[in-house]
*Asks:* 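Mind having a look at this structure? Questions to follow.
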Amino acid sequence: AFAVQLAGQAAGASFSLSGEILDVLGGRHFDFAFAAKGPALGALPGLSRLQGPPAKEPFTAALGVKDTSYRHYQVTELQLESGPNGLQGALEIDLAAGLPAVTGRLSSRHLDLRPYSTPHEKSDTGGGEAASGKPPERLFSSKPFALDGYGGPAMDIELELERFWLQRLAIKDFQGRLRLSNEGLRLQTGNAQAGDGRLSGDFRFKPQGGRLDMDISARIRQLDPALMFAELGLQEKPALEGKLDADLDLRGAGASVAELMAGLNGKVLFSMGPGRIKLGRNVEFLGGDVLTALVDLIKSRKDRPDRMEVNCLVAGFDITGGLAVISALVLDTEQAGIVGEGDINLADERLDVALLPVPKRGLGDDRLGRIGLSLGALVRPLRLAGTLARPTLRVDPEETALVLGKAVGGTILFGPLGMAAALTTEAADAENPCQAAIEAAEKGVEVDSGQERERRRLIEKPLGGARRFMEGLFGR
């Protein structure tokens, strides 16, 4: 065996290679130890594009490498450190096949990828405000995906990350499996921790014929965004503060986000218990007296101007061919509640949603005077129309958007036995209308029928009389 002892410097970093090799000419039967350290990652060849703090972080690297058979290598005792970040593990590299393959296991006590990634830049066509300050024409970007093909080695890596940070996501105790090849990317996660809650999922992305195939299955339980933001050191408050649950089962394909959403299929169910909702520009641009009255109705006197306390919130969607039909929509507060039904066309981003405000007991005349609209007006359905980027909210004068008493998953939303009644009856304090909404969403949306329409007509008639009585009682 020939002993090897090399050392050198390049780009301000020092390198060393030591070990032995049997076949010098063939480059086989070797066992080496490699080490490197330097004052700045950005100074290394191939990392010159790295910007910001990571480019200035000192780094150290160490690993052992040996060949175990023809064009098959083993990397052991891998240690990479850059600033607070670290990565350890072992890899197997196979170059004998047509496509190089890398398998192994990587772990980290702390891995913060925020400095290495660019925050999402908003554009006029994809979710941000235009230069004029007005909402964009469309929320989903039509910019084609960059699907040039992976072209790198096939990777199958087991991951164990004690603390893993992204721009808006802080994960602890992450255990998963990453598979990457020219066939696409798949990330499977176990029961990781985030915001004092738990999350797991299976995420698949496959480029095919200029389009991206997506298949996502995820489950979130009791995630607290406020705790997660605090852990990340963010000064801003999340839009939702409370314990969040979510179930996602989504599939689609497209050459852009807009095209993918236009053909989306699956189900989404989101719920939150007691917490707060941020009232910012996301709702202000709907504008108008109706929105002002609605927010004042459901807000408590103790709420801050920019925050609203809620008892619970549930939103569920059954999605087929880009049409997201609401399977459950309930917002419950101390003063009032809102139930809704309708759909969102993800292809043209148009909204067709009916909302029914439900005032609770004890709503006095002083409050009606403060909100500026009569109870008679607010017990009428509201229509959320327009688009996702430019929604509008108004009183539905003909009540055509709302079908009172419609059954969703066997639960009557607006009938006397439904969620609206649960918000106002004597049992309202003991019952949880959001739980009823979750159960309805899990069952799915039922197909309408002639008998169902007749049943709704019979329900609407007495409810219409009740509404007119309340209008006469409180004035319009």
*Asks:* Answer yes or no: is there an ion pair linking R105 with E160, defined by an N-O contact shorter than 4.0 Å?
*Replies:* yes
*Asks:* Please report the interatomic distance CG(N182) to NZ(K206), rounded to the nearest 0.5 Å.
*Replies:* 9.5 Å
*Asks:* Not counting sequence neighbours, which residues clear side-chain hydrogen bond (donor to acceptor under 3.5 Å, both in side chains) with D202? List them please.
*Replies:* R186
*Asks:* I'd like to check the salt bridge (Lys or Arg N to Asp or Glu O under 4.0 Å) partners of E259; sequence neighbours left out, ordered by chain and number.
*Replies:* R211
*Asks:* Residues two or more places apart in sequence or in another chain: which of them pass salt bridge (Lys or Arg N to Asp or Glu O under 4.0 Å) with D348?
*Replies:* none
*Asks:* Cut-off 3.5 Å, no hydrogens considered: what does the side-chain donor-acceptor table look like for residues 246-254, sequence neighbours left out?
*Replies:*
{"from": "D247", "atom 1": "OD1", "to": "R221", "atom 2": "NH2", "distance (Å)": "3.2"}
{"from": "D247", "atom 1": "OD2", "to": "R221", "atom 2": "NH1", "distance (Å)": "3.4"}
{"from": "D247", "atom 1": "OD2", "to": "R221", "atom 2": "NH2", "distance (Å)": "2.9"}
{"from": "D249", "atom 1": "OD1", "to": "R251", "atom 2": "NH1", "distance (Å)": "3.1"}

*Asks:* Holding to salt bridge (Lys or Arg N to Asp or Glu O under 4.0 Å), I want the full list of residues that pass it with R179, two or more places apart in sequence or in another chain.
*Replies:* none
*Asks:* Rounded to the nearest 0.5 Å, what separation is found between the OG1 atom of T103 and the CD1 atom of I93?
*Replies:* 9.0 Å
*Asks:* In terms of side-chain geometry, is the basic nitrogen of R177 or E158 positioned less than 4.0 Å from the acidic oxygen of its partner?
*Replies:* no
*Asks:* Under the criterion side-chain contact (heavy atoms from CB on, under 4.5 Å), I'd like the reasoning laid out for L355 against V339: C-alpha separation, chi angles, the key distance, then a yes or no.
*Replies:* CA-CA 6 Å; L355 303 173; V339 289; over 6 Å; no
*Asks:* Can you sort out the partners of K237 under salt bridge (Lys or Arg N to Asp or Glu O under 4.0 Å), two or more places apart, ordered by chain and number?
*Replies:* none
*Asks:* I'd like to know if the side chain of D196 pairs up with that of Q222 as donor and acceptor (distance under 3.5 Å, no hydrogens or angles considered).
*Replies:* no
*Asks:* Salt-bridge test for E137 and R390: reply yes if a basic N is under 4.0 Å from a carboxylate O, no otherwise.
*Replies:* yes
*Asks:* Without swapping roles, check the side chain of E349 against the backbone of L139 for a donor-acceptor pair under 3.5 Å.
*Replies:* yes
*Asks:* Please report the interatomic distance CG(N85) to CZ(F59), rounded to the nearest 0.5 Å.
*Replies:* 14.0 Å
